[in-house]
Amino acid sequence: MFWEKYTYSQIKSKVFESLSKNANYRTENILGIPGTFLDSEIFYDDASFLKDAPFLSTLIANPNHIGVHTLGDKHEDFFAGTHEIEKDLIKICAEEIFSAEPYSYDGYVASGGTEANIEALWIHRNFYIQEYKVHTNDIAVVYSSDTHYSIPKGIDLLSLKGIEIDVNQTTREILIKDFEQKIEAALKNGIKYFIVNVNMSTTMFGSVDDIDKITSFLNLLHINYKVHVDGAYGGFIYPFINKNNSFNFSNKNISSFSIDGHKMLQAPYGTRIFLIRKEYMKYVCTNEAGYVKGKDYTLCGSRSGANAVCVWMILRVHGSVGWTVKMHQLVDRASFICEKLDELGIKYYRHPDLNIVTINANYMSLDLATKYHLVPDSHDEKPNWYKIVVMPHVKQGIIDNFLSEIKNEQYSKIN
Ligand SMILES: *Cc1c(COP(=O)(O)O)cnc(C)c1O
């Protein structure tokens, strides 16, 4: 895994160079596009700071990144300059983070993890429908009970069957017996095709599903399945901490990934990344998108080029080495919290390669959880868990304050 770190002035000149290759609504004869620059009463383009602000300049120029640019030349060329930046971003993610061979994948910057996950379900559903001539009733989506709600949302939208697998309440691991039984029951009920969502970190716990156990069972039974990896939380942290893992494109069992941009990566909202092996995007080509050159393959349609540019800028300003250091700092801080909780005898769940510490609710008062804005697993019923997510704003000082208050609560309980 390696991508080069650029200095801020290198980044700036690359972004401005790519903007200069885009069509410019201010200076060129552009009569046909239903787009324009941003409203100039609010977004005036003569502000002097803009020449040093590549992201804001891209935002104001307002390039549309509609479509999927890794598919070759068949896409809109008005904004070819910033499309190249998006392609470099997708290349870094696919080839450097997830070990894809060059040109063996497609991808784009989606509006969110929800879109990227639904895109994956949509593609794999249509793959089965088109290649095997089956109905939606014959296809089921398999996911653990700790899975993000975007998967059940997608199952609903796409009229698929859902199979939820139980997890061990302490280790948060998928119960393999339950998995095997439910797959066998589904086979008996005539379901022959499976889309399996595997979490490369769940949202509530930071737990990582055991992909090898899951796929070896499916391979053993010669089951028709496709694996989508939901890395919408862990995509930019887990692979940097645990370098020898099975979550990459050299694992033949994996078909697609959704990965975080607007969580760990600290990019503005609207920046999840969707990656899939080549030859799959075609299953969701909307041929009716007649006015879009190269057609559309995404759920969202038009999307801001500024989103792709800023994710690229973040990855480039750190480089792979800097990003790894940054992620280790968060994980170390999470480990520090765990050491202190151990000393106090407080029960919690934590995956060693992630920055989430999920505390058993019996060990904490509602007041304390509320004071520190810990997030419960349920807002409707009495929570079982409260989680701490060690993001960059969670500094040692606030951690120390929290730990000393939870310690006082423990002592006053005993006395
Ligand atoms: C946050 C999250 C999502 C959804 O992402 P949005 O960008 O909010 O749509 C999906 N999966 C996981 C694991 C997440 O943590």
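This is a predicted model, so every value here is computed, not measured. Atoms within a ligand are numbered from 1 in the order they appear, just like the ligands themselves. When reading the values below, keep in mind they use all heavy atoms of this one structure, side chains included, and skip hydrogens, waters and symmetry mates.
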Novice: Using ring pair (Phe, Tyr, Trp, His ring centres under 6.0 Å), reason through Phe257 and Phe249 one step at a time and then give a plain yes or no.
Specialist: CA-CA 9 Å; Phe257 287 88; Phe249 280 113; 5.0 Å; yes
Novice: Closest heavy-atom contact between Asp377 and Met204?
Specialist: N-CE, 3.5 Å
Novice: Would you please name every residue forming a side-chain hydrogen bond (donor to acceptor under 3.5 Å, both in side chains) with Thr271, sequence neighbours left out?
Specialist: none
Novice: Looking at Ala232, which atoms of ligand 1 are within less than 4.0 Å of one of its heavy atoms?
Specialist: 2 (C), 3 (C), 10 (C), 11 (N), 12 (C), 14 (C)
Novice: Kindly confirm or rule out an N or O of Gly113 lying under 3.5 angstrom from an N or O of ligand 1.
Specialist: yes
Novice: In terms of residue, atom name and distance, what is the protein heavy atom nearest to atom 9 (O) of ligand 1?
Specialist: Thr114 OG1, 2.6 Å
Novice: Below 4.0 Å, non-hydrogen atoms only: which portion of Arg272 touches ligand 1? Side chain, backbone, both or neither.
Specialist: side chain
Novice: Does ligand 1 have any atom that is closer than 4.0 Å to a heavy atom of Asp230?
Specialist: yes
Novice: To which protein heavy atom is atom 7 (O) of ligand 1 closest, and what is the distance rounded to 0.1 Å?
Specialist: His262 NE2, 2.6 Å
Novice: Phe37 and Phe43: ring pair (Phe, Tyr, Trp, His ring centres under 6.0 Å), yes or no, with the steps?
Specialist: CA-CA 9 Å; Phe37 46 71; Phe43 301 98; over 10 Å; no
Novice: May I ask whether Ser201 has any heavy atom positioned less than 4.0 angstrom from an atom of ligand 1?
Specialist: yes
Novice: Taking atom types as modelled, find out whether Asn219 and Tyr225 have a side-chain donor-acceptor pair closer than 3.5 angstrom.
Specialist: yes
Novice: So, 4.0 Å and heavy atoms of Lys263: is ligand 1 close enough to count as a contact?
Specialist: yes
Novice: Only heavy atoms of Asn117, strictly under 4.0 Å: list the atoms of ligand 1 that pass.
Specialist: 10 (C), 11 (N)
Novice: So, does Asp178 use its side chain to make a donor-acceptor pair with the main chain of Asp166 at under 3.5 Å?
Specialist: yes
Novice: What pair of heavy atoms forms the shortest contact from Gly301 to Asp296, and how long is it?
Specialist: CA-OD2, 3.4 Å
Novice: Does Arg172 make a cation-pi contact with Tyr349 (under 6.0 Å, within 45 degrees of the axis)?
Specialist: no
Novice: Could you check whether any side-chain N or O of Ser302 sits under 3.5 Å from a backbone N or O of Asn64, counting only pairs where one atom can act as donor and the other as acceptor?
Specialist: no
Novice: Is Thr202 touching ligand 1 with its side chain, its backbone, both, or neither, if touching means heavy atoms under 4.0 Å apart?
Specialist: neither
Novice: What residue and atom, counting heavy atoms only, is the protein's closest point to atom 4 (C) of ligand 1, and at what distance?
Specialist: His148 CE1, 3.3 Å
Novice: Using distance alone, determine whether Ser150 and ligand 1 share an N or O pair under 3.5 Å.
Specialist: no
Novice: Quick check on contacts: which atoms of ligand 1 are under 4.0 angstrom from a heavy atom of Gly112?
Specialist: 7 (O), 9 (O)
Novice: Return yes or no for this condition: an N or O of Asn199 is under 3.5 Å from an N or O of ligand 1.
Specialist: no
